[in-house]
Amino acid sequence: MMVSGLEGSNRISDSGLEFGNPAGSGGIKIAIDRGGTFTDCIGSRPGHSPVVIKLLSVDPQNYEDAPREAIRRVLEAYTGQAIGRNEKLDTRLIESIRMGTTVATNALLERKGQRCALVTTKGFADCLIIGNQSRPKIFDIAIHKPEVLYQKVIEIDERVTLEDYTEHPEKFKTVDVSHDENLVVGLSGEIVRLLKRPKSIEIESALLELYAEGFRSIAVCLTHSYTFPDHEKLVGEIASKVGFEHISLSSQLMPMIKLVPRATSATADGYLTPEIKKYISGFEKGFEGGLGNASAKTGKGARCEFMQSDGGLVDVKSFSGLRAILSGPAGGVVGYALTSYDPNTKIPVIGFDMGGTSTDVSRYGEGHYEHVFETTTAGVTIQSPQLDINTVAAGGGSQLFWRNGLFVVGPESAGAHPGPACYRKGGPLTVTDANLLLGRLLPEFFPTIFGPQENEPVDTQTSKRLFAALAEQINSEISDASKMTEDEVAYGFIKVANEAMVRPIRALTEAKGYDTSTHRLATFGGAGGQHAVAIAEALGISQILIHKYSSVLSAYGMALADVVQEVQEPSSYIFTPQTQSIFVERFDELQKKASASLHDQGFDDSLIDFELYLNMRYQGTESALMIIKPIDGWDFEKAFVNHHLQEFGFILPNRDIIVDDIRVRGIGKSYQLDERSVDEQLRTLKVSPVNEAKVVSTKAVYFEGGRQQTPIYKIGNLDAGEKVTGPAILADGTQTILVPPGSAAFILETHVIINVGDETSKKSANSEQIDPITLSIFGHRFMAIAEQMGRALQKTSVSTNVKERLDYSCALFDAQGGLVANAPHLPVHLGSMSTAVRTQASIWSGKLKKGDVIVSNHPQTGGTHLPDITVITPAFHGDKIVFYVASRAHHADIGGILPGSMPPHSRELYQEGAAILSEKLVSEGHFDEQRITELLLHEPAKYPGCSGTRCLPDNINDLKAQVAANQKGISLIESLINEYGESVVQFYMLAIQDNAELSVKNMLKQLSKRFEGRALQAKDHMDDGSPICLTIDINGNDGTAVFDFAGTGPEIYGNMNAPEAVTHSAIIYCLRCLITEDIPLNQGCLKPVKVVIPKGSFLSPSATAAVVGGNVLTSQRITDVIFRAFEACAASQGDCNNLTFGIGGKLEGQEEQVRGWGYYETIAGGSGAGPNWHGTSGVHTHMTNTRITDAEIFERRYPVLLREFSIRKGSGGNGQYRGGDGVVRDIEFRVPVQCSILSERRVYHPYGLAGGEDAHCGLNLWVRLIDDGKGGQKERIINLGGKNTALMQAGERIIICTPGGGGYGPAHLDADISGRKKDPRENWRGQGSVAIYSAIQESN
């Protein structure tokens, strides 16, 4: 096989490798992956060896376009003739070009797409600015939301809504639409009501104005267009007539419910597709004869197809920006899926693609690709089928840091420029440098493209010098007994990087109900081979597959991929035997559409296959699963139930199954892989030890414990059947494979296979001296345990709050109840759970046995508000408790005076539901269902006006899920103890707290210097006038502080009282925000802090005081007061704007409950400005980060009409740095409802700071309908105040105007935000299901 490209490249073995049998025959076939740094190309021609080319993606001194240059070199190689770089390439020699490109991704990351405008429904101009209202980083007070992609938005005066609502207690559905001309049946089967028809003349006028301003691309997204696209089509027709060159209609791109993701998708398409077309146009100019299926049909051109994010190819003329985001990585998934998975043995495979900036992980099993349909990339949420590829913040270029006594890898990356320190461009120390220093990277096999003349090898000496300096710094800060060599420091960073990569891989598999140890690991990409064995060991994987094309596997995947045509329609039907015929009929129609497109691309029916999917979920849940049609028939229901049981651990036998989408994936088969599968090769493999004469050289390579002389082999010199026992290195010009001691590599025709050694021996670690490397690793391991507990809880729970909103926390505690690790980071849970565990440990001291589990939710024992129920399990070693695990989950109802257990006017604790001080939920393994039923159902109903829980089955099931999650945590820690020993684990449980304590102390010392040792004071008020007073006295010598709330007002006869645990949570949240870097969040954060709260104040209320508002509102004011004392930022909205409405429940004078429904939401506002940032508009702040329900889901579930959801312009405080604006949320009720609002900052303004102005207060309005005296009705606007409840009639509205954030600095000064630090993760954050889970978890 011929190889061209980078100087110094080496021969890759081509034994057994052919592109396969094409659907056609003839000329040269070329596959290309244009990556960020390198462009990989594979060429094939019948009767010839493949040609592999690797070249720089950007090299303007030598060529304009890397893919075209690669094709030129392939043609030269096959024809033997020189082709000038400026000559047009003759397509008569080419049968096909297949390509993956980063053009769309780069345009998105760099915000360099086409100027475009958004057209949307009146009232929703700001829908993409608000988004789902959550902030991206929970501890960032300088909130930064990604900018929208459009430059202008226009509103169309049109409106439709859904006539029925799914939460109707009697499940009523409109059947006949003939009686009302404003009712139509939508594409999904839902009944649509036309409220306002658009006027063509108004649309044309608005579009002409846009066109005159220079816009040539528009995106159109109108409410409910997924099911009723007529109004969008009208806008599209008028826009085409006006002359717009690109028109993206959301209803055509992805007809799925949810306004915001669909609008973002349409905007992304309008922003990116013109850039794609521009690139393709320039690319095509370099060819003679044209590209694409149309040109190929004439015989004058070549087929040209691009890889889409879903793993399928599409003709060049149909390639769009929306489906191009993961174009390159998708090729890699296809590559490993087709070369590493055997459909006969069905062993699933985890893909591990370690690159320079980050690492992509994915999974392939069951013979088909795993897709996600809503992802966020570079801050842009897109609705489009994408392979489930998850990005991890660790790659070869990830930077290495020593911070606060911990080894830290990334997320900052050295990038391609300057690159790692060894690249001779003055770059920082990276993972690549660590591998180089340890002998795991071989300069002699690395391209010589470095230095001023780009002809030098990597610089080992610079890496060594910088590691020597870093080792000296580390050794100066640790004890003599723990001092480390340069090798030990570098190896420590490798171990920490590996641990960082393992966590999301485990999350990816376990979240879907799979065990990682049953998988194989397929590694590819430049850096994967150096880390693969360590990753596999940590995951319990015993076998690693490395394809001989692993370094160019994405390009190889392009060569093997199928052409795909996706067609999808919305649905709202229930799946039953009676409705099956509807789905069969619609599948048939969609298959015809997909076939027509594939026929146009040259595929006849014999080459077309179909995958048929239904997107299914249980009624009342949002956990939809995309179910592929069973091979043996149409029993989608059975397939759904089995899949649901596997992924979530339970089924709901009596619930209807809803179909949200009908999807057909048409597949044009173009290539058949000629390779024998790995398992077929293994069955006939004759193994023999490697011929020692093939050792190229030996090198001292560092492994655990020290350097060992390690033989080095060229991969191309090895023959099938040879076994290489570790330690060894297998290398060529594009990859380095490390085989550690105890493992062995086997050479196949197509792969290198590594069987991972059995590492059963207990790992050694000192329990007397802190080892910084082990400490860093334990930090990851403890957090991973808490995360896996969370996964177990989500999987086995049934309630919407836990399973879908992920409103829970899981945590690990030491034997004294000190918090060791808490995941996820819910601010209001951070400090309070430890209070709960310590209190229960004291109550039950000496009385607990193995198998006991405690339950509590009372404010006096560490609770926050009653719906948050904490389940605590002790773990024993012999008769001694060695640690605790706990889970806290928000239960949707636990009784009280109102459904939801969050009443706005509660005066006593009993009105808020069941209050459990301390009870055994499980005794020696027996779950006491009778007692917990008594506590939740019967006890609360004994109080006047109160009822017991309204959803006991969900309570019981979720409590059992919490018990199971705790048991998961115990088993994981027991595994850790087996690995390291009990004394070591307990030692590092305390050490990780000491490390967090050190971080906080250092921060407090710095603050003491800044404030010159003076005491810090702040005061603010609740709207009822109750003051919160705070004095912070910092000891600058030892880094301790006293937070004294003396002067705070007395207990309130209302529900604004906050348990002491809430104040502790607010303090730990604020301290974490002020530190501005990732630290372990545990009890150590509060160790340097003494908290003084006056007993009897509303921050330390009595045992019977109502507290529901304290958790959601007073907590916000506490944070404002703390930040004011530190002069950190102006006040944010200081509110959650808690809105509830519904019908039903226990009516006065009746014993029986009336069936009904309820809804609860919190609403965003403005964030406060700070010393070098503007506040952000329409976002949640501080102690909450709850997502808002999408407008279309909102109107599908409930009888409401969302009239407006917009930014409340000018409500933020003015200043050198402006405060963020609040929002306006205008909801019209279509049936009578009981509506309640629980809010703050309606009297006291969010304060400005340092001369900045205060923000506007919030305002709650009730638009009542009253008799106008003429037989009609007129509107009367009434101010509801901050806290109220009212019975609102059909047609009446509530308008919530939320507060803004305060300004910072005098308004006459110019703002300078240049010093603001950018989040290094913005360039990769958000791909795949793991990121989706994390984002939901941080926004609940």
Practice problem: Report yes if the side chains of R193 and I191 come closer than 4.5 Å at any heavy-atom pair, otherwise no. | Solution: no
Quiz prompt | Salt-bridge present (D126, K1209; N to O < 4.0 Å) | solution = yes
Practice problem: Identify whether NZ of Lys or CZ of Arg in R262 sits under 6.0 Å from the centre of the six-membered ring of F124 and within 45° of that ring's axis. | Solution: no
Quiz item: Is a side-chain donor or acceptor of D1190 paired with a backbone partner of V260 at a separation under 3.5 angstrom?
Solution: yes
Quiz item: Which class fits the ring pair F640 and Y618: parallel under 30°, tilted 30 to 60°, perpendicular over 60°?
Solution: perpendicular
Quiz prompt | Plane angle bin for F636 and F587 - parallel if under 30°, tilted between 30 and 60°, otherwise perpendicular | solution = parallel
Quiz prompt | Lys/Arg N to Asp/Glu carboxylate O, D1226 vs R1293, below 4.0 Å | solution = yes
Self-check item: Closest heavy-atom pair and its distance - E1275, L1265
Solution: CG-CD2, 4.0 Å
Quiz item: Should R586 and E569 be marked as a salt bridge (Lys or Arg N to Asp or Glu O under 4.0 Å) after you check the CA-CA gap, both sets of side-chain angles, and the distance that decides it?
Solution: CA-CA 9 Å; R586 292 182 66 175; E569 283 187 1; 2.6 Å; yes
Practice problem: Specify whether F228 and H231 have parallel, tilted or perpendicular ring planes, treating 30° as the upper limit for parallel and 60° as the lower limit for perpendicular. | Solution: perpendicular
Practice problem: Please say which of E190, E167, E163 ends up in a salt bridge (charged side-chain N to carboxylate O under 4.0 Å, His left out) with R1196. | Solution: E190
Quiz item: Does the pair E147/R111 count as a salt bridge with the N-to-O cut at 4.0 Å?
Solution: no
Exercise. Tell me, please, which residues at least two apart from T161 pass side chain to side chain donor-acceptor pair (under 3.5 Å).
Key: E1195
Self-check item: Smallest separation among heavy atoms of I1188 and G131, with atom names
Solution: CG2-O, 4.1 Å
Quiz item: Parallel, tilted or perpendicular: which describes the rings of Y211 and F244, with under 30° parallel and over 60° perpendicular?
Solution: perpendicular
Quiz item: Can you check side chain to side chain contact (heavy atoms under 4.5 Å, CB included) on Y226 and M256, steps first, answer last?
Solution: CA-CA 6 Å; Y226 72 94; M256 292 182 80; 5.8 Å; no
